[in-house]
Amino acid sequence: IIVTGGGSGGHIYPALAIANALKEKATVDILFVGAKGKMEMEIVPDAGYEIEGLPISGLQRNLSISNLAFPFKLISSILRSLTIIKEFKPDVVIGVGGYASGPLVYAATMKKIPALLQEQNSYAGLANKWLSKKVQKICVAYSGMEKFFPKDKLVQTGNPVRKDLVNTESKRVKASERLGFSSQQNTVLVLGGSLGARTINEAMINCLPIFIETGIQVYWQTGKLYYQEMLVRTKKMDLSKVKITRFIDEMDLAYAIADVVVSRAGALAISELCLVGKPVIFIPSPNVAEDHQTKNAMALVKKDAALMISDKDAVKNLSEEVMKLLRNGGQKQTLSSNILRLAKPNAANDIAEEVIKLIAA
């Protein structure tokens, strides 16, 4: 089986969850195919899987000279994909989204190899819409996806998440000890994705004086692009109850200690938050195709399962919204209960079942 895609943790971790579920079900040989220079080229080998890289990159949304190279990179990546397929001889190809997914899945369909797409967002990207006509199955996280894909190919599985996120509440004391926090005090967990989110970090610089003054503990993931800058900008603050980190390895402990979460609205973050059932304020990134993070967040807001602040209002309004939510126990409970109902804890297993069906067919 070839698993292809990546570019961000939101694509890589679901791909690994699917691979792990497949290994539990059957004796399988799994190869990952990613994009050269992207995160997957490090994370996947660390997880114990082989990976090949394609020379693909994304189209820039603004006018950029690098876009002129895109057609050549795409053709080169399709040709390289055909070579990988010829050498590895997969029974099935799984595309999880991200740069490498398009050329590899397309090459597989050219060779009549069964293929499955895993669409994580509530709004499908161009590549997956185009590939949907050629693949056999499409596993989705949201209802109503027949507006993008052939209805007869759809299976609503949810998004795969890491197994260690089940039952995080029992880990609160362990988490507080590991982080040097009190398990009895309110804690805000701030997530901007693996690379970071400029708006969320700017908002946090505004929020910190209020949080510090009121004794709120903060676990703040800045992302690697902003870590050093945020350390400099908070140097004169009392950070005894604030932990600033570029990346969080133990997400189960981070969720365990959190009373309120502030997060971007990527598909992986949403799936994890549904599973752990935490009250969340989403600040969707405006810098994504078709504004899909706002659509992801709104799917939960409409069900009274989350709150949302627009990117342009976050710096000004975040501290007030967090404080209001922390003080409103009833609202926190409502948001927790409603978001938990949307969890799909068996997603990786269900997708693995669909893959095995394709092999048997």
Side-chain angles (χ1 to χ4, degrees), residues 5-15 58-62 95-99 101-102 117-132 138-151 153-161 191-200 203 261-314 317-318 321 335 338-344 347 351:
S8 70
H11 293 305
I12 300 163
Y13 292 113
L59 273 168
Q60 300 304 308
R61 301 179 76 205
N62 51 357
V96 297
Y99 303 128
S101 189
L117 294 177
Q118 200 256 321
E119 173 56 65
Q120 294 153 11
N121 292 296
S122 61
Y123 194 95
L126 281 174
N128 274 0
K129 279 193 261 189
W130 178 64
L131 288 166
S132 69
I138 306 154
C139 294
V140 296
Y142 293 89
S143 54
M145 296 302 283
E146 58 274 5
K147 59 179 176 280
F148 306 112
F149 301 131
K151 191 175 181 179
K153 296 182 181 182
L154 291 179
V155 187
Q156 191 174 345
T157 56
N159 284 325
V161 291
L191 305 168
S194 49
L195 298 176
R198 164 63 68 189
T199 302
I200 291 180
V261 181
V262 175
S263 176
R264 283 301 200 201
L268 177 67
I270 286 180
S271 298
E272 290 186 350
L273 286 158
C274 289
L275 198 63
V276 298
K278 294 289 177 170
V280 57
I281 299 172
F282 287 119
I283 303 172
S285 170
N287 310 311
V288 293
E290 312 286 356
D291 196 23
H292 69 250
Q293 286 205 5
T294 298
K295 296 177 174 81
N296 287 351
M298 282 307 298
L300 275 72
V301 172
K302 285 174 184 168
K303 292 174 178 164
D304 202 12
L307 302 178
M308 186 180 90
I309 304 175
S310 71
D311 192 82
K312 65 180 173 56
D313 294 332
N317 295 343
L318 182 62
E321 291 301 318
L335 293 174
N338 289 343
I339 200 169
L340 263 174
R341 288 196 190 105
L342 304 175
K344 300 270 189 187
I351 294 165

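Being a predicted model, the structure only gives us computed values, none of them experimental.
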- Message: To the closest 0.5 Å, what do you measure between CZ (F282) and OG (S263)?
- Response: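 One finds 6.0 Å between CZ of F282 and OG of S263.
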- Task: Kindly compute the distance separating CG (L191) from CD1 (I200), expressed to the nearest 0.5 Å.
- Result: 8.0 Å
- Task: Using a 4.5 Å cut-off on heavy atoms from C-beta on, say whether the side chain of S271 contacts that of Q120.
- Result: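 Q120 vs S271: side chains apart.
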- Task: Measure the shortest side-chain to side-chain distance between L340 and C274 over non-hydrogen atoms and say whether it is less than 4.5 angstrom.
- Result: no
- Note on the structure: Only one of I281, V280, L300, I283 passes side-chain contact (heavy atoms from CB on, under 4.5 Å) with L307, and that residue is I281
- Message: With side-chain hydrogen bond (donor to acceptor under 3.5 Å, both in side chains) as the rule and sequence neighbours excluded, what pairs involving residues 297-310 come up?
- Response: S310-D313
- Atom of V96, atom of G5 and distance for their closest heavy-atom approach: CG2-CA, 3.8 Å
- Item | Ring centers of Y142, Y123 separated by less than 6.0 Å |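 They do not qualify: ring centres at least 6.0 Å apart.
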- Query: Would you say the side chains of N287 and Q293 form a donor-acceptor pair under 3.5 Å?
  - Reply: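 No donor-acceptor contact under 3.5 Å links the two side chains.
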- Query: Any chance the side chains of E119 and N128 put a donor and an acceptor closer than 3.5 Å?
  - Reply: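 Note: E119 and N128 side chains meet the donor-acceptor criterion.
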Whether the side chain of [X] engages the backbone of [Y] through a donor-acceptor N/O pair (distance < 3.5 Å, no angle test) should be reported.
| X | Y | answer |
| --- | --- | --- |
| D311 | S285 | no |
| N296 | S122 | yes |
| R264 | P284 | yes |

